[in-house]
Amino acid sequence: MFWAKPRSLALAADSPLRVEEPKYEGIRHIIFKLLLFYSKQSKSIRGANVVYRRIVSQVDKPAIYNVFSLEKTFKMTFSLLVLHMWLCLRRLKQEGNEGVEFGQYLYELYNHDVEMRVSKAGVNLLLTRWMKDLEKIFYGNIVAYDAALLPEAKQEELENVLWRNVFSDDGSSIPDDSGLRAVQAMSRYVRRESTCLSLTEKEALFSGNFMFTSLENSSSHMPKNTA
């Protein structure tokens, strides 16, 4: 799985999944312009909303749990959200200050979504403390993923980081035999998605008109990880 040659993830111009900017004419165009609807900030916020919906779509579908033999728990979903956020933020950094600014809008959406998910999970007391702990995990994971993709990093470093951040339920730092195939597959998936995003045009990235690689047709017979 995930051995195919990387390619741009941009949606085709005629794809029904594309999200286009609304086009107003006449007086409505003037009114919306006065309301700063067409400002750079407004466009970035709308684009970030679409990008985050793409992330959530990939993470909430059963396919990603089936392919990598994962159990859908709050911890697991959170780990996958962080992983896909990192993939997008990593790509956005390639666009300099504009990408970093866009990434901040994306992070605010992610943060609000995680807070809602925590509340939905029944955590109402000490919510602020929970969010601070999850924020530490978020930044810790991102630093580890970045380091694992440095040119001087060992090949198995990404596998070990994914194992610790996603798969392991006992704090072990090295994949065990039962989870080795799954973490190796996810490592290939992550490397491929990272390269695919690098090949994805700026316009598609900032408008959210891209889709992560579909996992619907992938299959896995590995035993379930109960982390």
When rounded to the nearest 0.5 angstrom, what is the spacing between [atom1] in [X] and [atom2] in [Y]?
{"X": "Phe212", "Y": "Ser57", "atom1": "CZ", "atom2": "OG", "value": "9.5 Å"}
{"X": "Gln104", "Y": "Leu89", "atom1": "CD", "atom2": "CG", "value": "9.5 Å"}
{"X": "Arg53", "Y": "Leu109", "atom1": "CZ", "atom2": "CG", "value": "10.0 Å"}
{"X": "Leu92", "Y": "Met85", "atom1": "CG", "atom2": "CE", "value": "9.0 Å"}
{"X": "Phe2", "Y": "Arg192", "atom1": "CZ", "atom2": "CZ", "value": "8.5 Å"}
{"X": "Gln58", "Y": "Leu80", "atom1": "CD", "atom2": "CG", "value": "9.5 Å"}

Check whether [X] and [Y] end up in the same hydrophobic cluster, where Ile, Leu, Val, Met, Phe, Trp and Tyr are linked by side-chain heavy atoms less than 4.5 Å apart.
{"X": "Tyr65", "Y": "Val166", "answer": "yes"}
{"X": "Ile55", "Y": "Leu134", "answer": "yes"}
{"X": "Ile137", "Y": "Ile142", "answer": "yes"}
{"X": "Ile64", "Y": "Phe74", "answer": "yes"}
{"X": "Val114", "Y": "Tyr105", "answer": "no"}

For a quick test of reading the model, state the closest non-hydrogen atom pair linking [X] to [Y] and the distance between them.
{"X": "Ala10", "Y": "Ala204", "value": "CB-CB, 3.6 Å"}
{"X": "Arg54", "Y": "Leu11", "value": "NH2-CD1, 3.5 Å"}
{"X": "Val161", "Y": "Ala144", "value": "CG1-CB, 3.8 Å"}

If only atom types and distance count, is the side chain of [X] paired as donor or acceptor with the main-chain N or O of [Y] below 3.5 Å?
{"X": "Ser194", "Y": "Val190", "value": "no"}
{"X": "Arg91", "Y": "Thr200", "value": "yes"}
{"X": "Asn209", "Y": "Glu203", "value": "no"}

Does Lys132 NZ have over 12 foreign heavy atoms under 6.0 Å away?
no

| What orientation do Tyr139 and Tyr107 show, parallel under 30°, tilted 30 to 60°, or perpendicular over 60°? | tilted

Does the side chain of Glu101 pick up a donor-acceptor pair with the side chain of Ser44 at under 3.5 Å? no

* Asked: Taking atom types as modelled and ignoring hydrogens, do the side chains of Thr195 and Ser198 form a donor-acceptor contact shorter than 3.5 angstrom?
  -> no

Review point. Are any of the side-chain nitrogens in Glu21 or Lys43 under 4.0 Å away from the carboxylate oxygens of its partner?
Key: no

Sidechain N-carboxylate O distance under 4.0 Å for Glu95, Lys93
no

Tell me whether the centres of the aromatic rings in Phe138 and Tyr110 are closer together than 6.0 Å. yes

With a 6.0 Å cut-off on the ring centroids, do Tyr189 and Phe68 count as close? yes

Residues at least two apart in sequence or cross-chain that pass side chain to side chain donor-acceptor pair (under 3.5 Å) with Glu98, listed by chain then number, are Lys202

Sorted by chain and number, sequence neighbours left out, salt bridge (charged side-chain N to carboxylate O under 4.0 Å, His left out) with Asp60 holds for Arg117

